[in-house]
Every structure is written in structure tokens, then in C-alpha cells.
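For reference, the structure is listed below as C-alpha cells.
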Amino acid sequence: MKKVWLTSLVSSEDMVKKLMAQMKTYGLELHGHFWEDDLKKMAWMKAREELVNPQIIFWAILGSEENLRTPSIRYGLSLLSITLQAQRGLDFPIVILQTEGEPVASDSLTTSLKGVEILSASSATLGAKLVARAHASVKEEMSSEYRLDLYGNEHVGQWFEVGPTEVSWSGGMFAVADAEIAFHGVGPKGSLPSKSVLNYPVEGLKLNLGEKEYTAWAVQNELNAETSYFVKVTGSPESILFGPYSSEEDTEVFVVKLK
């Protein structure tokens, strides 16, 4: 039986049990959790290990329009989807099951959730659509010019990992809007470095993109496909901006909306 992970933003056990029973009749085994909206404790991280399990074939998010527009929930879902995509690929299937409210457009969601399939949880054809999703052929893997992942817990805080996928960067730069950077380091990709030597570190740069102001830190350590820039962030930034370090004003950067 194919396994699906369900994140329920709504607290109705009856609604979840009904969905579980419905999915079982279609040969889908539903596992999951009720969402805990607590950014201080990084509660969104609790489901990570279960969700990245290779046996999970897609991620379903059950919630209302209000849930999907709540900044703290949007931020937590954004971070969880980023670390999921880092482990399972950018094309890993994510489906939102909307319970009530005006239909939410996928292009209004955060960067990591843009383009996801949004279905009505009360649709008579929901089961058939989810079965079709479960048996859909695997798409060609999407690629990106950068790597982005997350680590941490309520004790060590939230750490973002960024780096290039192919070409090398002659340093790294990371910036946040409406938050603060507390620490940074460089090391092998995949885990927080235990120690780090930084080349020409810079802290507290101010950048403007449109009307949004960012605070940036940077280093000039060379980054490649196996080496990453790790940044500890306090607060919940509205968006992040990162890319290769450059002393020029006109340089290519990547912007990721988080809530």
C-alpha cells in the first residue's frame, strides 16, 4: 500500500479520520500529524524525518484559507517544504487540500510551495484525484543553480545552508528581511560545521531590493558543490536573499519568499 504523509493544519480529528478511511479504500495508507504552530520551538521540524522517508510518495497539507494565509503557519510550512525538497528533490509532489474559504491561488504561496496542486477537501472526486497523483509517473528531476536546506532545533536555533550546485562561488552572501543573523560558518555540505575559518567575514551590510531592506553577512571562502555557507538566523524573516559574494553592486542573487 502506498504511503502518504498528511499535515493537518485543522484540529478536527473527525475530518482527518474521514480522510484516512477514504484514502484506505483507494489503497493509500495515510500517516501524519497535527500542525503545531510554534516557531520559537521550531515545532515544524518535528515531522521532517518522517516526511523525508523514501516510502512517502507525496505530502498532503489539510487546511483552510485562513490557515494558509497565517504568517507563522506559512513560514513553518515554507521551511519544512524547503528541507523536504533538499532531501527528496524540487519535484517532490505536494498537494494542498483546502477545507474552506475562498480558493487560494498557488502563485500566492511562498517560493517553495508555488505551483503546488490545490484541491477542495470536500470534492466528490478528491479520492480519485489523489490516487491519480499517487500513481503518476515520476517527472524529470528539476534542478536549480543553488542548494538550500535547514537545520536546527529550539536549542541550537535555525540554520540555513546555501551553496552552488555546479559552478563555484568565490565567497557567499546571505541576507534576511525582518529578522537578524546571529552567526555564520563554512564547511562540508550536509551538516553544521563544528569549527570554521572564515575569510574576510563581513557583518551587517544593508541591501535594498525594491522597497525591501535586507541585512546581510558575507564571507570570501570559496564555495563549491561540496562546501556550504551556514547562517544562523533569529526571528522569522519574510524573505531571504543569497548568492555568491561580490564587491560589485550589480550581482546575481537568489530571493526566496518565506511567508
Side-chain angles (χ1 to χ4, degrees), residues 39 42 44-45 48 52 75 78-90 110-112 114 141-153 156-210 212-259:
L39 295 180
M42 293 183 65
W44 60 268
M45 194 75 167
R48 180 182 182 275
V52 301
Y75 184 77
S78 182
L79 298 195
L80 184 54
S81 58
I82 285 172
T83 193
L84 166 64
Q85 291 165 347
Q87 301 299 315
R88 301 292 302 273
L90 295 175
T110 58
T111 299
S112 57
K114 279 187 184 299
E141 186 172 349
M142 297 169 62
S143 61
S144 172
E145 296 178 59
Y146 62 81
R147 293 178 285 106
L148 174 62
D149 202 353
L150 287 129
Y151 303 91
N153 53 48
V156 303
Q158 62 179 348
W159 289 78
F160 290 81
E161 175 188 3
V162 298
T165 54
E166 295 180 359
V167 300
S168 295
W169 293 353
S170 56
M173 183 270 294
F174 190 96
V176 295
D178 303 323
E180 297 293 333
I181 296 174
F183 201 79
H184 59 173
V186 173
K189 72 174 184 180
S191 63
L192 294 177
S194 57
K195 59 182 179 178
S196 180
V197 177
L198 302 180
N199 297 338
Y200 306 104
V202 178
E203 302 175 7
L205 293 173
K206 297 298 181 181
L207 307 173
N208 288 286
L209 186 64
K212 183 69 66 178
E213 182 181 75
Y214 291 82
T215 301
W217 287 27
V219 292
Q220 293 186 41
N221 301 60
E222 181 179 354
L223 303 175
N224 54 42
E226 299 300 322
T227 307
S228 298
Y229 185 31
F230 298 86
V231 181
K232 182 179 181 178
V233 174
T234 58
S236 51
E238 188 274 335
S239 60
I240 56 175
L241 179 156
F242 58 90
Y245 173 81
S246 174
S247 59
E248 304 294 329
E249 289 189 11
D250 187 16
T251 184
E252 182 181 38
V253 295
F254 306 103
V255 180
V256 175
K257 180 181 177 183
L258 298 177
K259 64 181 180 182

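Both backbone and side-chain heavy atoms feed into the values below; hydrogens, waters and symmetry mates do not.
- Of the possible polar contacts, none joining the Lys257 side chain to the Glu238 backbone as a donor-acceptor pair under 3.5 Å is found.
- In this structure the side chain of Asn208 never reaches within 4.5 angstrom of the side chain of Tyr214, judged on heavy atoms.
- Of the N and O atoms on the side chains of Tyr151 and Ser191, not one donor lies less than 3.5 Å from an acceptor on the other residue.
- Between Phe183 and Trp159 there is a side-chain heavy-atom pair separated by less than 4.5 Å.
- For the pair Gln85 (side chain) and Ser112 (backbone), a donor-acceptor distance under 3.5 Å is present.
- Using a distance-only test at 3.5 Å, with no hydrogens or angles considered, a donor-acceptor pair links the side chain of Asn221 to the main chain of Val197.
- The CG atom of Leu39 sits 13.5 Å away from the CE atom of Met45 when rounded to the nearest 0.5 Å.
- The shortest distance between side-chain heavy atoms of Lys232 and His184 does not fall below 4.5 Å.
- Between Phe254 and Phe242, the angle of the ring planes lies from 30° to 60°, which puts this pair in the tilted group.
- Considering OG1 of Thr110 and NZ of Lys259, their distance stands at 12.0 Å, rounded to 0.5 Å.
- Distance check, rounded to the nearest 0.5 Å: OG of Ser168 to CD of Glu222 gives 4.5 Å.
- Note: Lys206 NZ to Glu213 CD = 5.0 Å, rounded to the nearest 0.5 Å.
- Residues Ser196 and Phe230 have side chains not in contact (no heavy-atom distance under 4.5 Å, counting atoms from C-beta outward).
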Take Arg48 and Leu80 through the side chain to side chain contact (heavy atoms under 4.5 Å, CB included) test and state the conclusion after the steps.
CA-CA 7 Å; Arg48 180 182 182 275; Leu80 184 54; 4.3 Å; yes
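- Legend: residues meeting side-chain contact (heavy atoms from CB on, under 4.5 Å) with Thr165, ordered by chain and number and at least two apart, are Arg147.
- Remark: Asp149 pairs with Thr83, Gln87 by the side chain to side chain donor-acceptor pair (under 3.5 Å) rule, at least two apart or across chains.
- Residues Leu223 and Pro164 meet the side-chain proximity criterion, which asks for heavy atoms closer than 4.5 Å.
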Would Val176 and Ile181 count as a side chain to side chain contact (heavy atoms under 4.5 Å, CB included) if you check the C-alpha gap in whole Å, the side-chain angles of each, and the deciding distance to 0.1 Å?
CA-CA 7 Å; Val176 295; Ile181 296 174; 4.0 Å; yes
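- Interatomic distance, OH of Tyr146 versus OG of Ser228, reported as 14.0 Å (0.5 Å rounding).
- For Tyr229 and Phe174, the gap between ring centers reaches or exceeds 6.0 Å.
- Distance alone, capped at 3.5 Å, places no donor-acceptor pair between the Gln220 side chain and the Ser170 backbone.
- Thr111 is not listed as a side-chain neighbour of Leu258, based on a closest heavy-atom distance of 4.5 Å or more.
- At a threshold of 4.5 Å between non-hydrogen side-chain atoms, the residues Leu148 and Ile240 count as touching.
- Side-chain contact check for Leu79 versus Phe160: some heavy-atom pair is nearer than 4.5 Å.
- Applying the salt bridge (charged side-chain N to carboxylate O under 4.0 Å, His left out) rule to pairs touching residues 176-201 yields Asp178-Lys212, Lys189-Glu226, sequence neighbours excluded.
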